[in-house]
Amino acid sequence: MHESAMIDSFVEIIEKQVQEYNVKKVTKIKLKVGKLTCLCPGTLKSCFDVVAEEKELLKDAVLEVEEVPLKAKCNQCQETFLVENNKFVCPACQDHHIKIVAGRELFIESVEVEENGD
Amino acid sequence: MEIKIGRNVLEANDLTAARNQKVFQENEVFVINIMSSPGSGKTTLLERTLEALKGEMKIGVIEGDIYTDRDAERIKQHGVPVVQINTHGSCHLDAPMIKAVMPSFNLKSLDLLIIENVGNLVCPAEFRLGEDVRVAVLSVPEGDDKPIKYPVLFRESSVALINKIDLLEHFDFNLERVKGEIKDINPEIDIFEISCKTLDGFSAWLDWLKRNAKK
């Protein structure tokens with residue numbers, strides 16, 4: 001269960017990033033989580049709720065998790081395809097030399113905030 | 001108002017890992033990170049490896065454990081420098097933990113540094129430490145469905161060791177199928193079948209280690 005470690009670092013990033021704005025509170029956080037991570041969106045949300053509860057800035061924020069499918073590109077025939085059932089092989093030419101192009105992310109896309117004086 | 005952030009949550013860890021790796025490279029020490037579920041035989045693998053390479057290579061060990069120093073005590077008996085990291089509840093090692101213990105070693109004098117991660121098939125795979133290669137250990141009693149259920153670790157590793165093959169006759173463990181599934185997940189991976197008890201297959205693993213450490 002390393003979701004809590006992830007939440008700690010992402011709360012730290014958000015707190016730093018919003019410092020330069022006149023933010024009263026954060027209302028929504030958009031997070032992208034790749035299929036090829038070992039993270040469970042539900043657990044991320046529960047861990048976030050526990051951490052956010054104690055922070056004035058974050059306690060009303062909703063964590064929105066978008067799951068990113070696992071995509072790869074074949075180095076031989078350049079085909080881009082979804083990796084399914086853990087088969088890391090190009091479906092077009094059967095070559096094994098592929099590059100993961102999506103699905104490894106753990107990425108904070110944006111936050112929605114209310115500014116002071118809103 | 002929407003504020004674009006566009007930052008990777010693991011960037012702080014990855015940055016420290018890259019710095020660790022640079023220090024290891026400057027000191028010409030080859031670093032491996034061994035990962036598996038609890039009870040797959042990581043510490044015994046380490047002990048047999050240390051015994052076999054004694055006199056041939058200078059080896060240091062970092063032991064990751066949630067609370068105890070039992071594994072480090074076992075490794076100490078082999079007369080190699082060993083540092084214990086207790087993660088105090090955390091299920092994995094991360095790059096800052098490795099950075100913190102690096103000054104405990106005389107890196108210049110080492111050929112190989114082996115990091116034994118916390119026993120866990122899931123979390124350690126997400127955290128780069130600055131290692132050269134990752135080694136996944138799977139043991140026969142765990143069952144042959146583990147790679148397909150936990151693909152990230154096998155995708156990210158350069159070597160898969162299938163351990164405790166001396167127990168094959170007692171378990172419904174389909175060796176050929178699991179090897180095929182590991183290769184589907186990671187076609188580039190080297191797979192070795194070993195027993196740390198009978199030492200069957202062990203020399204192939206040692207050869208791999210020696211060859212890669214000297215690169």
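The figures that follow rest on heavy atoms only: side chains count, while hydrogens, waters and symmetry mates do not.
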**Side chain, backbone, both or neither of A:V83 within contact of chain B (heavy atoms, under 4.5 Å)** = neither
**Message:** Measuring from atom CG of A:L31 to atom CE of A:M6, what distance do you get when rounded to the nearest 0.5 angstrom?
**Reply:** 10.5 Å
**Item:** Residue, of B:A12, B:A125, B:P151, B:S90, that accumulates the most heavy atom pairs under 4.5 Å with chain A
**Value:** B:P151
**Item:** Trace of the salt bridge (Lys or Arg N to Asp or Glu O under 4.0 Å) decision for B:E73 with B:R70
**Value:** CA-CA 5 Å; B:E73 285 303 319; B:R70 284 207 181 174; over 6 Å; no
**Item:** chain B contact via A:I29 - side chain, backbone, both or neither, heavy atoms under 4.5 Å
**Value:** neither
**Item:** Top of B:I148, B:I185, B:L153 for chain A proximity - count of heavy-atom pairs under 4.5 angstrom
**Value:** B:I185
**Message:** Could you tell me if A:H97 and A:Q76 have a donor-acceptor pair between their side chains, going purely by distance under 3.5 Å?
**Reply:** no
**Asked** Using 30° and 60° as the class limits, which term best fits the ring planes of A:F10 and A:F48: parallel, tilted or perpendicular?
**Response** parallel
**Fill in**
Assert top hit (heavy-atom pairs under 4.5 Å, partner chain A, pool B:N186, B:N8, B:I3, B:D184) equals B:I3
**Message:** Under 4.5 Å from any heavy atom of chain A, what part of B:F127 do you find: side chain, backbone, both or neither?
**Reply:** side chain
**Asked** Can you say whether A:I13 sits under 4.5 Å from chain B via the side chain, the backbone, both, or neither, judging by heavy atoms?
**Response** side chain
**Message:** Between A:L39 and chain B, with a heavy-atom cut-off of 4.5 Å, which part of the residue counts as in contact: side chain, backbone, both or neither?
**Reply:** both
**Asked** Which residue out of B:E11, B:E188, B:E156 racks up the most heavy-atom pairs below 4.5 Å with chain A?
**Response** B:E156
**Item:** From B:L129 atom CG to B:I115 atom CD1, the distance as rounded to the nearest 0.5 Å
**Value:** 5.0 Å
**Asked** Under 3.5 Å, is there a donor-acceptor pair between the side chain of A:D95 and the main chain of A:C90?
**Response** no
**Asked** Which region of A:K28, side chain (C-beta onward) or backbone (N, CA, C, O), has a non-hydrogen atom less than 4.5 Å from a non-hydrogen atom of chain B, or is it both or neither?
**Response** neither
**Message:** How long is the straight-line distance from CG of A:L82 back to CG of A:L70, given to the nearest 0.5 Å?
**Reply:** 8.0 Å
